[in-house]
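Taking it in order: structure first as structure tokens, then the write-up.
In what follows, every heavy atom counts, from backbone to side chain, and hydrogens, waters and symmetry copies are set aside. Keep in mind that this is a model prediction, so the values were computed, not measured.
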Amino acid sequence: MEYEVLNHNNAVCTVTDVDIDEAVKSDEPLPRAVVQAMGKTHDDKYLEYMYPILYHDVNYMRMDAAQSIFNLNGHRGLDALKEKERSLDSSTFDKLPCEKAVLVAMIIRIEDGTEGILRYFRSEDGLDIVKYCLLSYYSSGYDYKEEDIRLISIVLKEFIDKKLKRVKKVSREDWIEFVYFALDSLLIAALETDILMRISDETSEELVNVFQQVLDCKATNDMKELMSDISKSMKHDYALDILRSLKGKTGGGDARRAYKKALKHFNITEEEL
């Protein structure tokens with residue numbers, strides 16, 4: 001198997017199963033690309049190699065290790081994630097990016113599932129920084145299920161509705177960042193899995209509706225680009241509903257190009273929508 005990952009220079013590269021085996025046999029410190037690739041194998045025999053890296057000197061190595069543990073087998077790696085989270089002082093909640101907040105989000109998801117994430121998000125208690133990171137574990141290599149797509153859709157909707165006191169106070173800039181990140185999580189699911197073709201009609205309709213709500217809230221061109229790209233991995237009728245919503249609203253640039261590619265993917269013209 002081949003895995004598309006990032007190296008130490010944050011550049012995309014490819015790692016194979018052979019590369020992983022050779023890195024393990026070399027007994028040298030594992031490079032970032034291999035740490036990420038191990039997480040994408042979904043083979044939990046690699047968990048033991050991730051635990052020490054949770055204490056690496058470099059932040060992105062620690063976070064890559066945590067993500068790989070989460071991807072491989074969060075339940076088996078839970079104690080290690082908890083131990084690492086406890087080792088971080090509460091004062092680090094004030095730092096961005098917040099490693100402790102991401103670990104807390106992972107632990108909630110593993111222990112309490114998507115319902116636990118929603119309870120924390122909706123609660124008046126808890127920390128805002130943790131609530132902001134509650135979808136942060138949706139990353140490349142994650143094995144998406146329908147419950148994950150529903151969670152992202154529900155949280156997006158609540159961020160749009162702004163009924164929660166905390167969400168009402170969010171700045172436009174932070175709102176854009178959160179919505180973009182949630183949509184990007186859906187794009188990862190679309191690109192790396194076939195989950196959007198397997199979800200129920202109810203969940204597909206929820207996505208169509210929440211995308212329309214995003215558009216109604218003055219979606220940025222980046223968001224429109226993501227929605228067009230996501231539509232290509234959805235069931236035909238729901239994808240066309242999304243493209244109809246985007247019709248005449250994509251402007252120019254990358255958003256327009258992504259929209260045209262989506263139309264071409266479904267062999268339909270804008271006029272035929």
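- Residues L118 and L151 meet the side-chain proximity criterion, which asks for heavy atoms closer than 4.5 Å.
- When the shell of 6.0 Å around CD of Q213 is examined, it contains more than 12 heavy atoms from other residues, nucleotides or ligands.
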Between side-chain atoms of residues 176-194 and protein atoms elsewhere (two or more places apart, or another chain), which donor-acceptor pairs fall under 3.5 Å?
residue : atom : partner : partner atom : Å
E177    : OE1  : Y132    : OH           : 2.7
S185    : OG   : F181    : O            : 3.0
E192    : OE1  : G141    : N            : 2.8
E192    : OE2  : S140    : OG           : 2.5
T193    : OG1  : A189    : O            : 2.6
T193    : OG1  : I195    : N            : 3.2
D194    : OD1  : R198    : NE           : 2.7
D194    : OD1  : R198    : NH2          : 3.3

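- Of the charged side-chain nitrogens involved, at least one lies within less than 4.0 Å of a carboxylate oxygen, so that R256 and E270 count as a salt-bridged pair.
- Two residues are said to be in side-chain contact when any heavy atoms from C-beta on lie closer than 4.5 Å; I53 and D64 fail this criterion.
- Under a 4.0 Å N-O distance rule, the pair K157/D161 qualifies as a salt bridge.
- Y142 pairs by the ring pair (Phe, Tyr, Trp, His ring centres under 6.0 Å) definition with F70, Y138, Y144, not counting sequence neighbours.
- A side-chain N or O of S200 and one of E146 form a donor-acceptor pair less than 3.5 Å apart.
- Both Y120 and L164 are part of a single hydrophobic cluster, where members link through side-chain heavy atoms under 4.5 Å apart.
- Under the 4.5 Å side-chain heavy-atom criterion for Ile, Leu, Val, Met, Phe, Trp and Tyr, L103 and L96 are members of the same hydrophobic cluster.
- A salt bridge links R150 with E206: the distance from a Lys NZ or Arg NE/NH1/NH2 to an Asp or Glu carboxylate oxygen falls below 4.0 Å.
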query: N7 and R32: side-chain contact (heavy atoms from CB on, under 4.5 Å), yes or no, with the steps?
result: CA-CA 6 Å; N7 62 20; R32 182 189 194 189; 5.8 Å; no

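- For E83, the CD atom counts as loosely surrounded, since its 6.0 Å shell holds 12 or fewer non-hydrogen atoms of other residues, nucleotides or ligands.
- Remark: N267 CG is loosely packed, at most 12 non-hydrogen atoms of other residues, nucleotides or ligands lying under 6.0 Å away.
- Here the side chains of D229 and E225 are in contact, with some heavy-atom distance below 4.5 Å.
- Side-chain contact check for D17 and Y3: at least one donor-acceptor pair (N or O, by modelled atom type) lies under 3.5 Å.
- Checking E2 against T14 by side-chain atom types alone, no donor-acceptor pair falls below 3.5 Å.
- Residue-environment remark: NZ (K249) exceeds the threshold of 12 foreign heavy atoms within 6.0 Å.
- Among residues two or more places apart in sequence or in another chain, the salt bridge (charged side-chain N to carboxylate O under 4.0 Å, His left out) test is passed with D19 by none.
- Between D79 and K82, no side-chain nitrogen of the basic residue sits less than 4.0 Å from a carboxylate oxygen of the acidic one, so the salt-bridge criterion is not met.
- Residues in residues 49-61 take part in these side chain to side chain donor-acceptor pair (under 3.5 Å) pairs, two or more places apart or across chains: H8-Y60.
- Applying the ring-ring contact (aromatic ring centres under 6.0 Å, His included) test to residues at least two apart or on different chains, the pairs with a partner in residues 247-273 are H236-F266.
- Comment: D89 does not engage K95 in a salt bridge, judged by the lack of any side-chain N to carboxylate O separation of less than 4.0 angstrom.
- Using a 4.0 Å cut-off between charged side-chain N and carboxylate O, K235 and D237 make no salt bridge.
- No side-chain heavy atom of E158 sits under 4.5 Å from any side-chain heavy atom of K163.
- The number of heavy-atom neighbours closer than 6.0 Å to NZ of K261, taken from other residues, nucleotides and ligands shown, is 12 or below.
- Using a cut-off of 4.0 Å between Lys/Arg side-chain N and Asp/Glu carboxylate O, K145 and D148 are scored as not salt-bridged.
- Remark: E272 engages I268, T269 in a side-chain contact (heavy atoms from CB on, under 4.5 Å) (not counting sequence neighbours).
- In this structure, R166 forms a cation-pi arrangement with F121, its terminal cationic atom sitting closer than 6.0 Å to the ring centre and no more than 45° off the ring axis.
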